[in-house]
Amino acid sequence: MATTINGSVVTSALSSHAGAPTSHDTVVVYNPTNSAVNVTLPAGTGKKVLDTHGATDSTSTTADGLAVTVFKKP
C-alpha cells in the first residue's frame, strides 16, 4: 500500500495480489474539500468504480469534493 497526502486529500494505492504488494490495482481517494481533484492513477488502464452517486463505470480520473472515490484496474 502506498499513501500520499496532498493538502487535505488522501490517496491510497492498494494491491489485491498478496504476491505483488506493489502492483497497485485499486486507488481510494478521500477528498474532504469542496472542490473536485484530478487523480494520477498507476500505470495501466483504470476506471472509476465508485463515486458520490454510488457504483459507476467511468474513465474519468476526477474525485469529487466531500467524497470517497474508488478507481480499479480491470
Trainee: Apply side chain to side chain contact (heavy atoms under 4.5 Å, CB included) to Thr69 and Leu50, showing your working.
Mentor: CA-CA 6 Å; Thr69 306; Leu50 181 75; over 6 Å; no

Trainee: For Asp51, what residues pass the salt bridge (charged side-chain N to carboxylate O under 4.0 Å, His left out) criterion, not counting sequence neighbours?
Mentor: none

Trainee: After noting the C-alpha distance and the side-chain angles of Thr11 and Val27, does the key distance pass the side chain to side chain contact (heavy atoms under 4.5 Å, CB included) rule?
Mentor: CA-CA 7 Å; Thr11 303; Val27 175; 3.6 Å; yes

Trainee: Are any non-hydrogen side-chain atoms of Leu66 and Asn34 less than 4.5 angstrom apart?
Mentor: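 Leu66 vs Asn34: side chains touch.
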
Trainee: If I compare all heavy atoms of Ser35 with all of Asn31, which pair ends up nearest, and what's the gap?
Mentor: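 Closest approach of Ser35 to Asn31, heavy atoms only: O-ND2, 2.8 Å.
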
Trainee: Write down the atom of Leu14, the atom of Met1, and the distance for their closest heavy-atom approach.
Mentor: CD2-SD, 3.1 Å

Trainee: Nearest heavy-atom pair of Val39 and Ala63: which atoms, and what distance?
Mentor: CG2-CB, 3.9 Å

Trainee: Do Val9 and Tyr30 land in one hydrophobic cluster if side-chain heavy atoms of ILVMFWY residues count as linked below 4.5 Å?
Mentor: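 Shared cluster, no.
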
Trainee: With the side chain counted from C-beta on, respond yes when Asp57 and Lys47 share a heavy-atom pair under 4.5 Å apart, and no when they do not.
Mentor: yes

Trainee: Which pair of non-hydrogen atoms, one from His17 and one from Asp25, has the smallest distance, and what is that distance?
Mentor: NE2-OD2, 3.4 Å

Trainee: Please walk me through it: do Val10 and Val29 pass side chain to side chain contact (heavy atoms under 4.5 Å, CB included)?
Mentor: CA-CA 6 Å; Val10 179; Val29 180; over 6 Å; no

Trainee: What's the shortest heavy-atom distance between Ser23 and Ser15, and which atoms?
Mentor: O-OG, 3.2 Å

Trainee: State whether a side-chain donor-acceptor pair under 3.5 Å links Ser12 with Thr3.
Mentor: yes

Trainee: Does some side-chain heavy atom of Val37 sit less than 4.5 Å from a side-chain heavy atom of Thr62?
Mentor: no

Trainee: What pair of heavy atoms forms the shortest contact from Lys72 to Ser16, and how long is it?
Mentor: NZ-OG, 3.9 Å

Trainee: Measure the CZ-OG1 distance between Phe71 and Thr59 for me, rounded to the nearest 0.5 Å.
Mentor: 10.5 Å

Trainee: Any side-chain heavy atom of Val28 within less than 4.5 Å of one from Val68?
Mentor: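 In short, these two side chains touch, coming nearer than 4.5 Å.
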
